[in-house]
Amino acid sequence: GEFTSLPDIEPSRLEVVNTKQPKQIPAADSLVFGHTFTDHMLTIPWSQTSGWGSPKIEPYGPLSLQPSATVFHYAQELFEGLKAYRQPGGKVTLFRPDMNMKRMNTSAARVALPAFNGDAVIELLKRLVQTDKHWIPDIPGYSLYIRPTLIGTQAALGVHPPTEALLFVICSPVGPYYPEGFKPIALYGTTEYSRAAPGGIGSFKLGANYAPGVVAQREAAKKGYAQNLWLHGPEHHVTEVGTMNTFIVLKHADGVTELVTPPLDGMILPGITRDSTLALARDHASGKAVLEGLPEPSKFVVNERPITMKEIKQAAQDGSLVEFFGTGTAAVISPVNKIGYLGEDIHIPTGPGGMGPVSRPIWKQLVGIQVGDIEHPWSVVV
Ligand code: PMP
C-alpha cells in the first residue's frame, strides 16, 4: 500500500479540562524546590499504530499505568527542565525552549522513544503555562520550573522499542536557588564511581543517568562535600559538577584569561546554560557584543578543551586558577570554593559575594535576559 505518515503532535487538537478544585497556592517563602506542583498538567499519548494522539491539559494527578509498563523495568524515560519567568509587566517568558525540545528529541532517539515536533510542544507548553501562570510568584528570583517527560508505557516485558509512550509535562513554582546570595560549594572529586563512559548515555538527559549518582552524592555528602565532581579516565579529566556543566577560569602568565569547559565528547550533557555561557563569552572575546566586567577582548579566550585534575591542582598551586563554577537551569551559576581530591583539599578563589570576575558578568547578563530586563531573542513570550 501507499505510505502514509502517522500524525505528529498537533496543538489544534488540544483538549482542555480545567480543574474543579484549584489548590491553595502556598506562600512563596515556604516553597521547596520541586515539591509543589500547579493545578494542571499536559499529557500527549503516542502509539506505534496511530502516532501522536490528542494533547490534553487536565488537572494534575496520578497517571494510570500497568505494572508491566516498560518504563518501570527498562528505564525507558527521559526528561527536560526549563523555567518560565514572570516579567515586571506581567509578561511570562521561556528561556530558549527550542534547545530543550531539540535535546528531548535527541534523548528520545537514543532510547528508541518516539520523536516529535518540538515547535508543537512549545505551543502546548505555552498553553499550559498560561493556564497556571498565577502560580508563578510575583517576586524577583522566583519562576516556574517546567518538567517535560517522555516514558515508554507499553504493557509488556521484553527489551525493545516500546509500541506505546506518553509525553507529559508538570510545573512547579520555585524560588531562587540561593536565597541568601551565592554560596560557594565544596566538591568531592569522585574517583570511585564514574557518571558516564564513551559510547554510553552521559550526553543524554535520561533518567537512567541519575539514579546511580545518588549513592555517590550521598557518600560525598558524608565526607562533607556538597556535590560530586565527576571525573573520567586514568588522568581524571574534569567532566561535570553534580548535575551541572563545569567551567574553569585560568589567568595565564601572559595576562590572558582563559575560560575553559570540557568539550561535548559524548560524556557531557549539552547544557543550555553551558551553551548560553559560551555564546556570551565568545561574543565578548570576538568583540561582537561586549560584556561589561569581563577582561578586555584581546586578553580573553574561550576554549572547549579537555582539562585534567593535574592541571587544576597545578593552577591552584601557582595562583593561575581564578574560578571554578557549575552552570545549569536550576541555579544558573554555582561557584565552587573547594575540591576534595585524593585525600587533600584544593582551594579555589571566590570573589565578593561568591562569584568571580568572569562568572559574575555572565550571570548578570544571563539572568537579565531570562527575567526580561535585557531584550534578547533567547527569551520567548508565552
Ligand atoms: N549536566 C547534567 C548532568 C544535568 O542534569 C544538567 C541539568 N539539565 C546540566 C548539566 C545543565 O543543563 P542545563 O543548563 O540545560 O540545565
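Order of listing sets the numbers, starting from 1, for every ligand and every atom in it. Quick caveat, the model's predicted, so the values are computed rather than measured.
Residue Thr327 has at least one heavy-atom neighbour below 4.0 Å for each of these atoms of ligand 1: 11 (C). Distances below 4.0 Å separate heavy atoms of Thr329 from the following atoms of ligand 1: 13 (P), 14 (O), 15 (O), 16 (O). Near Gly271, meaning under 4.0 Å from one of its heavy atoms, ligand 1 places the atoms 12 (O), 13 (P), 14 (O), 15 (O). Each of the following atoms of ligand 1 lies closer than 4.0 Å to a heavy atom of Gly328: 11 (C), 14 (O), 16 (O).
Ring planes of Trp52 and Phe116: perpendicular class, angle over 60° (limits at 30 and 60°). Using cut-offs of 30° and 60° for the angle between ring planes, the Tyr341 and His236 rings count as perpendicular.
Looking only at protein heavy atoms, the nearest one to atom 5 (O) of ligand 1 is Tyr210 OH, 2.5 Å. If you check which protein heavy atom lies closest to atom 14 (O) of ligand 1, you get Thr273 OG1, 2.6 Å. Looking only at protein heavy atoms, the nearest one to atom 6 (C) of ligand 1 is Thr243 O, 3.1 Å.
For the pair Lys223 and Tyr188, the distance from NZ or CZ to the six-membered ring centre is under 6.0 Å and the angle to the ring normal is within 45 degrees.
A ring-centre distance under 6.0 Å is not found for Phe37 and Tyr145.
At least one heavy atom of Arg103 sits less than 4.0 Å from an atom of ligand 1.
Where the criterion is an N or O separation shorter than 3.5 Å, residue side chain and backbone included, Leu269 fails it with respect to ligand 1.
To the nearest 0.5 angstrom, Thr131 atom OG1 is 13.5 Å from Lys126 atom NZ. Atom NE2 of His73 sits about 11.0 Å away from atom CD of Gln154, to the nearest 0.5 Å.
Checked against Glu80 for a salt bridge (charged side-chain N to carboxylate O under 4.0 Å, His left out), the options Arg103, Lys205, Arg147 give a single hit: Arg103.
For atom 7 (C) of ligand 1, the nearest non-hydrogen atom from the set Met244, Lys205, Glu80, Glu240 comes from Lys205.
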